[in-house]
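Both counts, for ligands and for their atoms, begin at 1 and track the order of listing. The model shown is predicted, which means the values in this text are computed figures rather than measured ones.
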Amino acid sequence: MNYFRDSHRIVVKLGTSTLTHSTGHLNLRRIEALVKVLSDMQNSGIQIILVSSGAVSAGVAKVGFGQKPTTMADKQAMAAIGQSELMKLYDRLFSDYGHTVAQILMTKDILANPERRAAAENTFNRLLEMRCIPIVNENDPVSTDELTKFGGNDILSAYVAQFCKADLLLNLSDVDGLYDSDPRTNPDAKLISRVDDLDALEASAGGAGTDRGTGGMIAKLQAARIVTESGIPMFILNGHDPELLYTLLDGGHVGTYFKSKK
Ligand code: GLU
């Protein structure tokens with residue numbers, strides 16, 4: 001089955017652990033490789049929408065903060081510093097391949113407010129018509145509570161996929177996919193290549209992943225639920241090997257595929 005055959009618009013979520021080294025600094029080699037593959041996909045006629053984490057981590061690394069920020073003010077300051085660092089790099093790398101990027105920072109209240117929602121939809125649509133690559137992140141510096149926060153980019157990417165009527169969501173993480181038990185504690189854990197029934201699987205999710213992002217398997221399963229119930233399938237795959245995207249593009253199977261309900 002070639003999952004891309006009917007996928008003209010794809011949301012790609014890149015997690016912090018994919019984009020940064022354990023030092024918190026941006027993983028330039030990996031980001032360059034990812035941008036090249038994503039540019040190639042865009043060249044092939046697929047419309048890419050990127051949801052990128054990594055701002056807080058990049059901010060921490062840039063100012064030499066030395067530890068993961070714990071107060072809201074520190075997190076928000078680091079996000080503000082790191083976001084421009086991230087965009088500067090994406091802009092340069094995508095430009096090298098002839099693509100224009102556009103930054104969209106989202107807060108959750110936009111979804112519930114008809115006027116703001118329409119404005120955001122119009123902006124996305126216009127950018128997509130212009131064949132720009134929207135790069136989306138949560139507007140961390142100004143969101144503080146559950147009204148404004150999506151609660152991590154796994155969830156944000158699911159809403160963006162829904163919002164933009166995407167055909168597929170690719171969640172690139174630091175794990176190969178969903179396992180039947182936690183692979184960090186159980187060496188016999190087996191990768192689940194396909195999920196048709198999410199309810200039956202919910203109990204098998206592991207813990208919080210690395211300490212640089214906010215992801216973890218529970219958030220990924222919540223994201224899978226949001227998109228599959230809207231008729232959008234999702235993959236979890238390992239972002240450490242950007243070539244896996246070509247495997248998918250060529251009709252191969254990698255990671256875990258979540259079948260959509262419609
Ligand atoms: N928005 C956060 C950042 O850019 C990441 C949140 C997440 O990893 O889920 O650092």
Side-chain angles (χ1 to χ4, degrees), residues 11-27 30-31 34-35 49-63 65-91 101-111 120 134-161 163 169-175 205-227 234 236-240:
V11 173
V12 179
K13 186 258 171 179
L14 302 177
T16 297
S17 52
T18 298
L19 298 169
T20 60
H21 290 286
S22 54
T23 57
H25 284 278
L26 294 172
N27 186 329
R30 185 164 310 129
I31 296 174
L34 281 163
V35 168
I49 298 160
L50 201 57
V51 174
S52 175
S53 302
V56 173
S57 191
V60 167
K62 182 158 192 188
V63 299
F65 196 70
Q67 69 200 53
K68 194 172 176 178
T70 49
T71 66
M72 187 61 83
D74 282 345
K75 270 188 228 167
Q76 293 184 313
M78 296 307 137
I81 294 165
Q83 182 65 25
S84 53
E85 185 78 351
L86 264 182
M87 284 309 294
K88 187 173 72 180
L89 185 63
Y90 280 131
D91 190 26
V101 298
Q103 171 182 264
I104 299 192
L105 299 175
M106 295 283 286
T107 50
K108 196 173 181 190
D109 52 323
I110 290 172
L111 301 182
I135 301 185
V136 189
N137 198 356
E138 188 152 14
N139 197 350
D140 293 306
V142 301
S143 28
T144 47
D145 54 29
E146 59 198 30
L147 275 183
T148 51
K149 283 191 87 61
F150 285 93
N153 281 4
D154 289 317
I155 307 296
L156 171 64
S157 66
Y159 282 117
V160 168
F163 197 69
L169 170 60
L170 300 180
N171 186 313
L172 274 65
S173 175
D174 58 350
V175 290
T210 68
D211 63 357
R212 281 175 288 129
T214 56
M217 215 28 98
I218 293 170
K220 288 175 184 37
L221 291 181
Q222 280 171 4
R225 184 171 289 284
I226 293 167
V227 287
M234 169 175 141
I236 298 174
L237 64 152
N238 202 322
H240 291 206

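Atoms of ligand 1 found under 4.0 Å from any heavy atom of Gly152 (numbered from 1 in listed order, with element): 9 (O). Of all atoms in ligand 1, listed by their number and element, those nearer than 4.0 Å to a heavy atom of Thr16 are 8 (O). Close contacts between ligand 1 and Ser53 involve ligand atoms 4 (O), 5 (C), 7 (C), 8 (O) [criterion: under 4.0 Å to a heavy atom].
Between Glu138 and ligand 1, a contact under 3.5 Å exists for no N or O pair. Ligand 1 has no N or O atom lying under 3.5 Å from any N or O atom of Ser57, backbone or side chain. Not a single N or O atom of Asp154, backbone or side chain, sits closer than 3.5 Å to an N or O atom of ligand 1.
Counting heavy atoms closer than 4.0 Å to ligand 1, residue Val56 contributes atoms from both its backbone and its side chain. With a heavy-atom cut-off of 4.0 Å, Asn137 touches ligand 1 through its side chain alone.
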Could you give me the CA-CA distance, side-chain angles and deciding distance for Leu172 and Val12, then say whether side-chain contact (heavy atoms from CB on, under 4.5 Å) is met?
-> CA-CA 7 Å; Leu172 274 65; Val12 179; 4.0 Å; yes
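No donor-acceptor distance shorter than 3.5 angstrom exists from the side chain of Asn153 to the backbone of Leu156, with no hydrogens or angles considered. At distances below 3.5 Å, not a single donor-acceptor pair connects side-chain atoms of Gln103 with backbone N or O atoms of Met87. Remark: side-chain polar atoms of Thr18 are not paired, donor with acceptor, to backbone N or O of Leu14 under 3.5 angstrom. The closest donor-acceptor contact from the side chain of Glu85 to the backbone of Ala61 lies at 3.5 Å or more, if one exists at all.
Of the candidates Asp140, Asn139, Thr144, Asn139 is the only one forming a side chain to side chain contact (heavy atoms under 4.5 Å, CB included) with Thr107.
Between Asp154 and Lys13 there is a salt bridge, since at least one side-chain N of the basic residue sits less than 4.0 Å from a carboxylate O of the acidic one.
Under a 4.0 angstrom heavy-atom cut-off, Gly54 registers as being in contact with ligand 1.
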